[in-house]
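Because the structure is a prediction, the values reported are computed rather than measured. Sequence positions, counted from 1, serve as the residue numbers for this chain. Counting starts at 1 for both ligands and their atoms, in listed order.
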Amino acid sequence: MVTIKIDDRKLRVPEGNTILQAAEDAGIPIPHLCYLKELNEIAACRMCMVEVEDTERLVPACNTQVVDGMVIRTNSPRVRQARKTNLRLILSQHDSNCTVCVRSGNCELQKLSHDLNIHYQPYQVQPERSRVDLDVPVVREASKCIKCMRCVQVCDKIQGMKIWDVAGTGGRTTVDVSYNRSLKYTDCTFCGQCVTHCPTGALTVRDDTNKVLRALADPDVTTVVQVAPAVRVAWAESFGLDPKTGSVGRMVAALKRVGFDYVFDTNFAADLTIMEEGSEFLERFTHRGKYRWPMFTSCCPGWVRFLKSQYPEYTDCLSTAKSPQQMFGAVAKSYFAAQKGLDPHKVFVVSIMPCSAKKAESELPTMNDACGDPDVDVVLTTREMDRLFRSDCIVPADLGEEKFDSPLGSGTGAAVIFGATGGVMDAALRSAYFLVTGTNPDADAFSAVRGGKPWREATFTIPGAGEVRVAVVSGLANVRALMDAVDAGSVDYDFVEVMACPGGCAGGGGQPIHCNEELAASRGALLWKMDAKSKIRYSHENPDIQALYRTYLKAPLGEKSHHLLHTDHAA
Ligand code: HC0
Ligand code: SF4
């Protein structure tokens, strides 16, 4: 431990800590822009400058270590002036057209300019010109980039991908797609983690709300919306509502106010996925010699893109089951349309997802099995849904609670946990156990796959089938480590759940953005709570799923299921 003084407060702090860490631990705020704890401590923005007495030096707090006897001023005249000058220099290369920026009101640069009382800008140079590509879900506007390098670090260290890199030199130094490529020609998984870690509007997810508004205004079109599991525990954050007020029922009510004809639940399709994927696992498990191992879940499109580009020789190991989002679209434009006597070409399916990669998934040429049109017409992120509510002047807190519509609006506890890491595996094992034994396991029998380390493993015994070795992993850098271990033969699994985003979809790239806060675990905990409180906790007990099989699909892995609910990932 060393003894230091910050703003006249004497502190004992661990040796090796940075000044910023010491100040934060003591509740002394120091502004910063580029800093991400343990990820980006490179002092690029120079906002955290502080003065060290007796040295006559200003130093960046985020990467200067404390020294015994150090006396630090966080708000001296020199510090104030340096921060203002540095911020003005950043602003001189930034498109500050805040009124038409999607991050207005939630921009770290805007907030800091406001907090530092910057109301005029003496240095004005042209911001870098933007080349905006709307073919892909992740959009970069160069004119808003402040070269903080957060996206570079998150993509490299958390997602193991190196899609972003530093480009140019001197005053023209910037961040761009590595090797001067266009994003669509890279292996980007479109997970959107760079977007949720960007402090400004330089990285965003393509806004598709106008496509939805056009469909809502067309009297010939029946609009159907599905809401993903993880959306329900995050959508209300941007309205400042606690989870109780920002409930599922209020979200449904708000979607009805927007004008959707049917408000359905992706949880229904998650239960359906379990029926198909659980059956597929048992088919593979009982005919081991016919298949390459392990079997991987296929519901995360970020992961599927990752596998196909980084480890293409394992593509056969992906479950052929489509993701719940895509199963939902296929069922809505076949079973549901037929039930209601609707022309499937006039049914418009919208997904609300916590995810940017889901936009790319819905646009795959293979995802059009119900009637030849895309099974899902438009994917909106949680943030886009919130913007729809705002632009329609909907105040969710003032609404009563409403229920999802029937018959694609029911979901079990096993479905809602899809949005948290480990949830797909837990749900699949509950039903696989039932399919083999004819009896339900304890709903918490597989809790070893929940939470905790980002890569975890467990072995369970299913009577009549034997030992099943499973693993759960999230965050693509961890996924790469697991794949390398699988490839080297140092681990041996039967079934692996993979989610691209750390913590699973709860921490997805389409979720509300909070500066310097990682909320995947707390949102995930809410999903696990919803499961624990559910009346039905097994996908195979969802009565609407049972009716779907009885009246339409007949059996998991049957002919209709094969056509509507499965895909060839190599196509
Ligand atoms: Fe997910 Fe899903 S759990 S990937 O994160 O499997 O996006 O929430 O909708 O499709 O259900 C995302 C979330 C989903 C799908 C489901 C799966
Ligand atoms: Fe999308 Fe979820 Fe995969 Fe992230 S983990 S890319 S949010 S599906």
Side-chain angles (χ1 to χ4, degrees), residues 137-138 158-159 161 188-196 205 225-235 248 264-274 276-278 296-307 318-319 321-331 349 351-362 367 375-376 379-383 385 408 411-412 414-428 454 472-476 478-479 497-511 519-520 523-524 526-527 530-531 539 565 567:
V138 172
I158 302 289
Q159 298 300 68
M161 286 302 286
C188 176
T189 64
F190 305 127
C191 69
Q193 288 301 308
C194 54
V195 174
T196 52
V205 172
V225 64
Q226 59 165 323
V227 190
V231 172
R232 68 205 63 207
V233 289
W235 72 276
V248 183
F264 287 138
D265 196 347
T266 309
N267 284 6
F268 171 87
D271 281 330
L272 183 57
T273 301
I274 289 300
E276 294 294 328
E277 193 166 340
F296 293 114
T297 56
S298 57
C299 47
C300 165
W303 149 241
V304 171
R305 265 183 77 90
F306 175 91
L307 184 82
L318 285 167
S319 161
K322 287 182 187 171
S323 73
Q325 138 155 303
Q326 293 304 139
M327 285 198 186
F328 179 93
V331 168
V349 175
S351 306
I352 313 291
M353 295 282 140
C355 174
S356 34
K358 288 275 169 195
K359 289 189 189 249
E361 181 186 49
S362 72
M367 295 293 167
D375 292 328
V376 171
V379 177
L380 300 183
T381 60
T382 314
R383 296 193 296 275
M385 179 182 79
L408 312 183
T412 67
V416 81
I417 53 177
F418 267 55
T421 172
V424 179
M425 179 60 72
D426 198 320
V472 168
V473 65
S474 70
L476 287 174
N478 302 316
V479 176
E497 179 206 289
V498 186
M499 290 290 174
C501 296
C505 301
Q511 296 281 57
L519 295 183
R523 292 175 187 147
L526 292 172
L527 293 170
M530 286 180 177
D531 167 39
S539 295
L565 309 180
T567 190

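- Contact record, Phe418 with Ala270: CZ-O, 3.5 Å, taken as the closest heavy-atom pair.
- Close approach to Ala270 involves these atoms of ligand 1, each under 4.0 Å from a residue heavy atom: 11 (O).
- The structure places CD of Glu497 at 9.0 Å from CG of Asp426, a figure rounded to the nearest 0.5 Å.
- Annotation: the span from Cys191 atom SG to Lys358 atom NZ amounts to 13.5 Å, rounded to 0.5 Å.
- Contact check for Thr297 versus Glu277: side-chain heavy atoms found under the 4.5 Å cut-off.
- Take atom 1 (Fe) of ligand 1 and draw a sphere of radius 2.8 Å; the protein N/O/S atoms inside it number 1.
- Residues forming a side-chain contact (heavy atoms from CB on, under 4.5 Å) with Ile158 (at least two apart in sequence, or on another chain): Leu39, Val154, Pro502.
- Residues passing the ring-ring contact (aromatic ring centres under 6.0 Å, His included) test with Phe190: none are found, sequence neighbours excluded.
- Here the protein contributes Cys355 SG as N, O or S atoms under 2.8 Å from atom 1 (Fe) of ligand 2.
- The heavy-atom pair separating Thr189 from Phe306 by the smallest distance is CG2-CB, 3.9 Å.
- Side-chain atoms of Met530 and Asn267, non-hydrogen and from C-beta on, never get closer than 4.5 Å to each other.
- Counting only heavy atoms from C-beta outward, the side chains of Val376 and Glu361 never approach each other to under 4.5 Å.
- Residue Met499 holds its CE atom at 4.5 Å from SG of Cys505, rounded to the nearest 0.5 Å.
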